[in-house]
Amino acid sequence: MSTPARNNLPTEITEAILRLLPAKSLGRFKSVSKTWDLLISNPQFIKTHLHRHKTSKLILVSDTKSLYSLGINELLPYLNSDDIPATAKELSFRSPPMRWEEILGSCNGLVLAKDVNDTIFLMNPTTQELLNIPPSPFALPDRESFVMYGFGYDSSTDDYKVISISFWDTDNEHNPDCTDMFVSVYSLRNNSWRKLRDSPYDHAVGHLISGVLINQSLHWLTSTRPGYSSTIVAFSLVNEEFNEIDLPDSIANDKAVFNELVDLGGKLGLFGTGVGNDLWVMEEYGVGESWTRVCIHGVEIDPVKPVCLVEGSDRDIVLGDEDGVVVYNIDERRCRDVRMIGGPSGFAIGGMYVESLESPKHIRTAP
Amino acid sequence: MSQTVVLEQNAVETQSITLKFDGCSSDANPSPIVNPENQSITIKFDDQASNHHTIPVSIPNVDSETEAAVNEFLRKHGSSDEESVRTDAMNDLWSFIERQEIGTVVVLVKFASDVKNFELLEIFCQRVADVIAKKTVEEVREIFNIANDFTPEEEQAIRDEHRWAFED
């Protein structure tokens with residue numbers, strides 16, 4: 001073409017089109033022109049893009065310590081058929097390959113994970129960016145303590161934070177008189193840890209598990225002290241304080257702490273051996289009366305655990321365990337297997353993430 | 001007939017809320033009704049500012065068949081408040097533009113932006129996005145008539161940094 005080389009569309013329109021594209025296309029189109037590179041790299045654009053174009057993936061940790069992604073969006077067209085295929089893809093970051101132990105959290109396309117040496121990393125599985133998170137200077141000795149993490153985004157400071165809650169392994173006589181629950185927070189922007197006030201709750205009861213992120217707060221099941229009644233605590237990433245969330249009335253007892261929490265399409269979910277094959281969903285955040293019971297048929301909750309909703313359908317729940325992934329439809333009360341194409345034979349489900357262009361490196365070095 | 005637009009607060013850093021559809025601003029000056037619960041804003045456009053034309057519009061740089069299809073959409077979509085009629089109109093227009101060359105759709109995007117018709121803009125932008133998603137960088141430059149202002153070294157550096165986007 002010999003026409004003058006000019007972008008004819010207004011910037012806002014170009015942006016509107018770009019916002020509809022998958023992350024991979026955007027990664028390529030950064031090299032279209034300097035204008036497009038600036039548009040696509042803009043932190044505000046990245047945020048609006050990830051909310052507009054939601055492509056969700058499950059993240060799996062294989063028995064061989066590798067990471068895999070499993071496309072959940074792909075499931076949507078197959079939900080009415082008997083065969084639900086999903087493609088698994090290995091996630092690689094470095095050579096020689098990393099060896100992964102556990103996924104600790106996920107937010108806006110960023111995933112927090114721990115390798116086999118207990119080193120924490122922040123990654124973007126889509127862009128293969130990997131950042132080492134320095135250990136907390138407040139950490140207790142490894143073998144004498146326990147630590148739980150939580151990860152999320154604080155919109156008030158446009159920052160990503162990692163929370164750690166640690167305590168002595170008093171059962172094994174490590175500092176047995178100290179039952180303090182130490183809390184510290186890592187800021188990605190500042191690349192540093194800060195010690196916060198101790199948590200008044202007993203996080204040593206119940207599961208050693210990462211906080212569940214809902215509405216910029218991290219949630220755990222804990223026991224109050226003294227009294228030891230179970231409660232859900234919500235740690236706000238914004239004001240860095242703990243609040244309590246009501247449990248469903250019918251299960252509010254001192255055993256509720258042994259259940260588990262999950263993020264179901266932005267709503268807090270609760271499940272576990274204490275509540276059998278029921279899944280409780282908090283329809284309205286913070287409103288105790290809005291807890292709704294969903295009965296799951298055809299699969300045993302725990303070990304098969306709810307992981308997330310199928311993107312695009314709030315009537316289909318994805319559940320899984322080390323043997324496989326299934327989809328449960330609430331209306332049909334039917335559970336169907338997901339046929340994994342590729343992928344590891346043995347794995348643990350680490351959670352889910354959305355595809356995004358969010359870059360931990362750029363956030364950490366931002367002025 | 002009035003058109004209602006609902007906006008949600010996406011910009012968390014700024015306190016101001018601009019009347020936009022995916023970035024396209026409107027000059028219309030209606031009074032917004034803010035819902036404090038979910039931060040959404042409802043604006044009703046009156047007939048004068050309405051984007052529903054009953055008189056056929058003229059669209060530069062497209063053939064008569066395309067102009068007719070767009071006008072048919074505007075007529076049908078604007079003729080009724082019923083969900084099913086509007087959805088039919090959208091589906092018809094969507095099927096039509098799926099058969100058109102990408103160049104035509106880009107012209108239509110520009111047109112919809114110029115006349116500030118948000119429904120047309122949404123359809124045409126989505127179609128363009130669907131088509132260019134799998135295209136190469138060179139093809140995209142040609143479609144949008146964009147000059148490559150990178151030096152070969154600069155371009156290679158960006159590609160190296162984003163190897164993940166060129167895989168598969």
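In this text the structure is predicted, and so the values were computed from the model without any measurement. Throughout, a chain's letter reflects where its sequence line sits, starting with A, and its residues are numbered from 1.
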Within a radius of less than 6.0 Å around OH of A:Tyr78, do more than 12 heavy atoms belonging to other residues, nucleotides or ligands occur?
no
Check whether more than 12 heavy atoms from other residues, nucleotides or ligands sit under 6.0 Å from atom CD of B:Glu98, and answer yes or no.
yes
If one checks every heavy atom of B:Val140 against chain A at 4.5 Å, the contacting part turns out to be side chain
Check whether any side-chain N or O of A:Lys24 sits under 3.5 Å from a backbone N or O of B:Glu167 as a donor-acceptor pair, and report yes or no.
yes
Nearest heavy atoms of B:Trp164 and A:Leu357, plus distance in Å
CH2-CD2, 3.6 Å
Give me the atom names and distance for the closest heavy-atom approach of B:Phe150 to A:Asp37.
CZ-CB, 4.0 Å
For a side-chain contact (heavy atoms from CB on, under 4.5 Å) with A:Leu20, tell me which candidate from B:Gln126, B:Arg127, B:Glu122 qualifies.
B:Gln126
What distance do A:Glu12 atom CD and B:Ser113 atom OG have between them, rounded to the nearest 0.5 Å?
8.0 Å
From the list A:Thr11, A:Leu21, A:Leu18, A:Val32, the residue making the most non-hydrogen contacts under 4.5 Å with chain B is A:Val32
So do the side chains of A:Leu9 and B:Lys110 get within less than 4.5 Å of each other, counting heavy atoms only?
yes
I'd like to check the salt bridge (charged side-chain N to carboxylate O under 4.0 Å, His left out) partners of A:Asp154; sequence neighbours left out, ordered by chain and number.
A:Lys161
Going by the rule salt bridge (charged side-chain N to carboxylate O under 4.0 Å, His left out), which residues pair with B:Lys134 if we only count those two or more places apart in sequence or in a different chain?
none
Are A:Ser31 and B:Phe166 close enough that some pair of their side-chain heavy atoms sits under 4.5 Å apart?
yes
What distance do B:Ile146 atom CD1 and A:Thr14 atom OG1 have between them, rounded to the nearest 0.5 Å?
7.0 Å
Quick check: do A:Phe29 and B:Ile132 have side-chain heavy atoms less than 4.5 Å from each other?
yes
Look at A:Ser33, A:Ser156, A:Ser25 and state which one has the largest set of heavy-atom pairs under 4.5 Å with chain B.
A:Ser33
Do B:Glu154 and A:Lys34 have side chains that get closer than 4.5 Å, going by heavy atoms?
yes
Checking A:Arg28 side chain against B:Ala133 main chain: does a donor-acceptor pair fall under 3.5 Å?
yes
To the nearest 0.5 Å, atom OG1 of A:Thr35 lies from atom CG of B:Asp149 at 6.0 Å
I need the A:Gln128 CD to B:His162 NE2 distance, nearest 0.5 Å.
11.5 Å
